[in-house]
Chemist: 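Sharing a structure with you now.
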Amino acid sequence: MTILVTGCAGFIGSNFVQTWLSSSNEAVVNLDKLTYAGNLANLDALKDDPGHIFIRGDIGDRSLVSKLLAEHQPRAVLNFAAESHVDRSIHGPGDFIETNVVGTFNLLESVRAFWQDLPPAEKEAFRFLHVSTDEVYGTLSPFDPPFAETKNYEPNSPYSASKAASDHLVRAWHHTYGLPVLTTNCSNNYGPYHFPEKLIPLVLLNALAGKPLPIYGDGQQVRDWLYVEDHCRAIARVLEAGKVGETYNIGGWNEKPNLEVVNTLCAVLDELKPRLDGIRYAEQITYVKDRPGHDRRYAIDARKIERDLGWKPQETFETGIRKTVQWYLTNQAWVEGVTSGAYRQWVGKQYGA
Ligand code: NAD
Ligand code: TYD
């Protein structure tokens with residue numbers, strides 16, 4: 001049997017394929033456009049694995065996707081592909097609409113055409129799993145309850161609005177056409193292969209390079225943090241046992257203000273790779289202009305997936321962050337590969353000189 005996954009040269013997808021193939025004989029066809037965020041080095045460990053078939057292409061390319069579906073006959077399609085960075089969505093929302101909204105629409109149409117013609121038993125067993133974010137729910141005040149699956153959508157950034165639109169399309173393709181869909185909404189991930197435009201890898205690499213650690217606004221914005229392998233296990237579990245048409249919120253019960261995240265990271269670095277001059281990494285913290293429309297707090301109520309599917313995160317923030325720091329310290333070649341070219345241009349645009 002085979003599954004078709006999209007966007008798996010990116011951060012979460014590449015972790016997912018590796019986790020999947022380490023515990024399953026089921027092959028993975030990986031369709032990825034290789035945007036700036038897609039990196040084949042994330043998949044180096046699978047170079048000689050016959051269970052991993054990489055295809056470069058766009059989820060919006062209906063003829064390519066239809067050809068892949070016909071050729072590989074997957075029993076499920078998992079959609080990780082997206083433009084995923086809030087700050088980039090503020091600078092240029094067009095790509096987010098193109099991939100997250102129009103791309104998801106085209107993917108749904110290709111999958112629907114394939115699924116409709118399957119024999120009854122395969123049609124019944126087929127799944128379309130859409131990977132989404134907690135950001136679709138909007139922002140919380142300090143004493144609001146965390147996001148449950150019943151929370152109304154109130155997206156505030158071009159990124160979250162485009163993901164919300166894609167979630168709605170997935171829902172509609174189930175209700176209207178009967179496509180057997182599952183949707184997951186997860187909180188902020190961190191871990192290996194995380195592109196250093198996002199907070200944790202950016203701070204980690206800037207710290208080691210002796211550069212400022214940029215904190216937007218007052219640094220008191222709260223996110224829930226989940227170690228990426230825990231997210232990958234949750235997705236596999238939803239695919240295995242999730243109820244068709246349902247959504248599952250995935251989170252780590254790790255609500256933390258950004259400043260605390262950065263201080264924890266600095267403390268782990270002080271221990272594992274202290275600065276030669278004895279100064280603490282936290283001294284590099286620098287407050288910068290806040291992100292426009294910055295959501296104040298996200299928090300996930302993960303009781304549904306815990307209760308119905310028996311999933312629980314295995315890492316605490318403290319164990320996960322330590323593993324993450326260790327991974328970046330021992331994977332210098334990967335770090336050098338991603339911190340060149342297009343990435344440098346982005347840093348110049350976002351943070352100036
Ligand atoms: P990422 O930006 O690291 O990777 C995205 C991947 O998608 C890249 O490999 C890119 O080349 C590919 N891609 C982009 N447009 C494409 C297209 N049109 N066709 C095919 N491939 C395309 O993103 P990520 O952090 O790994 O996130 C993966 C998914 O998980 C996204 O849907 C994101 O919204 C969701 N998510 C992310 C987080 C997080 O904390 N990173 C949290 C919750 C949900
Ligand atoms: P990010 O990693 O971009 O994820 P998201 O915006 O999807 O939550 O940012 C996480 C938090 O860190 C968010 O509140 C913005 C903040 N942040 C900074 O303070 N400084 C930075 O340089 C970056 C990239 C993010």
Side-chain angles (χ1 to χ4, degrees), residues 5-16 30-40 42-43 55-61 64-65 78-90 95-96 98-100 102-104 106-107 130-136 139 156-157 159-160 162-163 166-167 184-191 193-203 206 212-226 228 231-232 235 249-251 256-259 261-262 285-291 293-298 300 338 346-347 350-351:
V5 293
T6 71
C8 286
F11 163 48
I12 302 174
S14 59
N15 278 283
F16 177 81
N30 177 357
L31 172 67
D32 194 296
K33 188 177 173 181
L34 295 183
T35 66
Y36 80 91
N39 181 0
L40 287 178
N42 295 1
L43 300 162
I55 311 284
R56 184 175 191 180
D58 195 313
I59 56 167
D61 182 343
L64 172 66
V65 174
L78 284 72
N79 185 31
F80 292 83
E83 289 292 335
S84 70
H85 185 32
V86 175
D87 293 317
R88 280 184 196 259
S89 82
I90 296 167
D95 288 346
F96 290 72
E98 203 47 54
T99 283
N100 300 359
V102 183
T104 303
N106 281 310
L107 180 65
H130 181 62
V131 178
S132 193
T133 166
D134 60 355
E135 303 192 25
V136 298
T139 188
N156 290 319
S157 73
Y159 163 65
S160 55
S162 67
K163 289 297 291 187
S166 69
D167 294 7
T184 57
N185 295 86
C186 187
S187 57
N188 285 56
N189 284 215
Y190 66 99
Y193 306 106
H194 204 181
F195 192 70
E197 63 185 359
K198 308 277 171 72
L199 179 71
I200 287 182
L202 179 101
V203 162
N206 276 15
L213 312 181
I215 301 281
Y216 295 166
D218 63 1
Q220 293 308 316
Q221 303 83 5
V222 171
R223 298 290 181 266
D224 170 67
W225 293 95
L226 182 68
V228 63
H231 185 192
C232 294
I235 290 171
N249 285 357
I250 304 169
K256 293 191 186 300
N258 293 336
L259 197 55
V261 168
V262 172
I285 288 175
T286 310
Y287 291 88
V288 300
K289 194 166 155 285
D290 206 352
R291 169 187 284 173
H294 199 169
D295 283 339
R296 199 67 186 163
R297 174 176 167 239
Y298 303 140
I300 282 273
V338 296
W346 162 252
V347 171
Q350 173 70 359
Y351 302 97

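In each ligand, atom 1 is the first atom listed, and ligand 1 is the first ligand listed.
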Chemist: At a 4.0 Å threshold, what atoms of ligand 2 neighbour a non-hydrogen atom of Lys198?
Modeler: 2 (O)
Chemist: Looking at Arg296 and Asp218, is there a salt bridge between them, counting it only when a charged N and a carboxylate O are closer than 4.0 Å?
Modeler: yes
Chemist: Would you check the N or O atoms of Tyr36, main chain and side chain alike, for any that come under 3.5 Å of an N or O of ligand 1?
Modeler: no
Chemist: If we set the cut-off at 4.0 Å for heavy atoms, which region of His85 has an atom near ligand 1: side chain, backbone, both, or neither?
Modeler: neither
Chemist: Determine whether any heavy atom of Ser132 lies closer than 4.0 Å to an atom of ligand 1.
Modeler: yes
Chemist: Under 4.0 Å, heavy atoms only, figure out whether ligand 1 is touched by the backbone of Asp134, its side chain, both or neither.
Modeler: neither
Chemist: Output yes when the distance from some N or O of ligand 1 to some N or O of Gly10 is under 3.5 Å, and no in every other case.
Modeler: yes
Chemist: Tell me whether Asn188 has any N or O atom under 3.5 angstrom from an N or O of ligand 2.
Modeler: yes
Chemist: Could you tell me whether ligand 1 has any atom less than 4.0 Å away from a heavy atom of Cys8?
Modeler: no
Chemist: If the cut-off is 4.0 Å to any non-hydrogen atom of Val131, which atoms of ligand 1 fall inside it?
Modeler: 30 (O), 32 (O)
Chemist: Would you say Pro214 has any N or O atom under 3.5 Å from an N or O of ligand 2, going by distance alone?
Modeler: yes
Chemist: Among Arg291, Glu135, His294, whose heavy atom sits nearest atom 14 (O) of ligand 2?
Modeler: His294
Chemist: Measure Ile215 to ligand 2 on non-hydrogen atoms and call it side chain, backbone, both or neither using the 4.0 Å cut-off.
Modeler: backbone
Chemist: Short list, please: which atoms of ligand 2 are under 4.0 Å from a heavy atom of His85?
Modeler: 3 (O)
Chemist: What atoms of ligand 1 come closer than 4.0 angstrom to any heavy atom of Ala9?
Modeler: 9 (O)
Chemist: Out of Asn185, Thr104, Thr99, Ile200, who is nearest to atom 15 (N) of ligand 1 when you count heavy atoms only?
Modeler: Thr99
Chemist: What I want to find out is whether Glu135 reaches Lys163 closely enough, with some N-O distance under 4.0 Å, to be called a salt bridge.
Modeler: no
Chemist: Any heavy atom of Gln350 closer to ligand 2 than 4.0 angstrom?
Modeler: no
Chemist: Using the ring of each side chain (for Trp, its six-membered ring), is His294 parallel, tilted or perpendicular to Tyr216, with breaks at 30° and 60°?
Modeler: perpendicular
Chemist: Within ligand 1, which atoms have a heavy atom of Ala81 less than 4.0 Å away?
Modeler: 7 (O), 20 (C), 21 (N), 22 (C)
Chemist: If you apply the rule side-chain contact (heavy atoms from CB on, under 4.5 Å), what do you find for Tyr298 with Thr133, and how did you get there?
Modeler: CA-CA 10 Å; Tyr298 303 140; Thr133 166; over 6 Å; no
Chemist: Could you tell me the residue and atom name of the protein heavy atom closest to atom 16 (C) of ligand 2, and the distance to it rounded to 0.1 Å?
Modeler: Asn258 ND2, 3.4 Å
Chemist: What are the atoms of ligand 1, with element, lying closer than 4.0 Å to any heavy atom of Ser187?
Modeler: 42 (C), 43 (C)
Chemist: Could you list which atoms of ligand 1 come closer than 4.0 Å to a heavy atom of Thr35?
Modeler: 10 (C), 11 (O), 14 (C), 15 (N)
Chemist: Give a yes/no on ligand 1: does Asp58 have at least one heavy atom closer than 4.0 angstrom to it?
Modeler: yes
Chemist: Ignoring hydrogens and geometry, is there a side-chain-to-backbone donor-acceptor pair from Asn100 to Tyr159 under 3.5 Å?
Modeler: no
Chemist: Write out the residue and atom name of the closest protein heavy atom to atom 19 (O) of ligand 2, then the distance separating them to 0.1 Å.
Modeler: Tyr216 N, 2.9 Å
Chemist: What atoms of ligand 1 come closer than 4.0 angstrom to any heavy atom of Leu34?
Modeler: 11 (O)
Chemist: If we only consider heavy atoms of Phe195, is any one of them less than 4.0 Å away from an atom in ligand 1?
Modeler: no
Chemist: Just by distance, do the side chain of Ser14 and the backbone of Phe11 share a donor-acceptor pair under 3.5 Å?
Modeler: yes
Chemist: Would you mind running through ligand 1 and noting each atom that sits below 4.0 Å from a heavy atom of Phe80?
Modeler: 28 (C), 29 (C), 31 (C), 32 (O)
Chemist: Distance to 0.1 Å, residue and atom name: give those for the protein heavy atom nearest to atom 16 (C) of ligand 1.
Modeler: Lys33 CB, 3.8 Å
Chemist: Just which atoms of ligand 1 are under 4.0 Å from any heavy atom in Asn188?
Modeler: 40 (O)
Chemist: If I apply the N/O under 3.5 Å rule, does Asp87 come out as touching ligand 2?
Modeler: no
Chemist: Give a yes or no on whether the backbone of Phe80 and the side-chain of Thr6 come within a donor-acceptor separation of less than 3.5 Å.
Modeler: yes
Chemist: Using modelled atom types only, decide if a donor and an acceptor are shared between the side chain of Lys33 and the backbone of Gly7 within a distance under 3.5 Å.
Modeler: no
Chemist: Is there a heavy atom of Gly57 sitting under 4.0 angstrom from any atom of ligand 1?
Modeler: yes
Chemist: Give the numbers and elements of all ligand 2 atoms closer than 4.0 Å to a heavy atom of Glu197.
Modeler: 24 (C)
Chemist: Between ligand 2 and Leu202, is the shortest N or O to N or O distance under 3.5 Å?
Modeler: no
Chemist: Where does Tyr159 meet ligand 1, judged by heavy-atom distances below 4.0 Å: at the side chain, the backbone, both, or neither?
Modeler: side chain
Chemist: Between ligand 1 and Asn39, is the shortest N or O to N or O distance under 3.5 Å?
Modeler: no
Chemist: Among protein heavy atoms, which sits nearest to atom 8 (C) of ligand 1, and what does the distance come to when rounded to 0.1 Å?
Modeler: Asp32 OD2, 3.6 Å
Chemist: Does the side chain of Tyr190 come within less than 4.5 Å of Asn188's, by heavy atoms?
Modeler: no
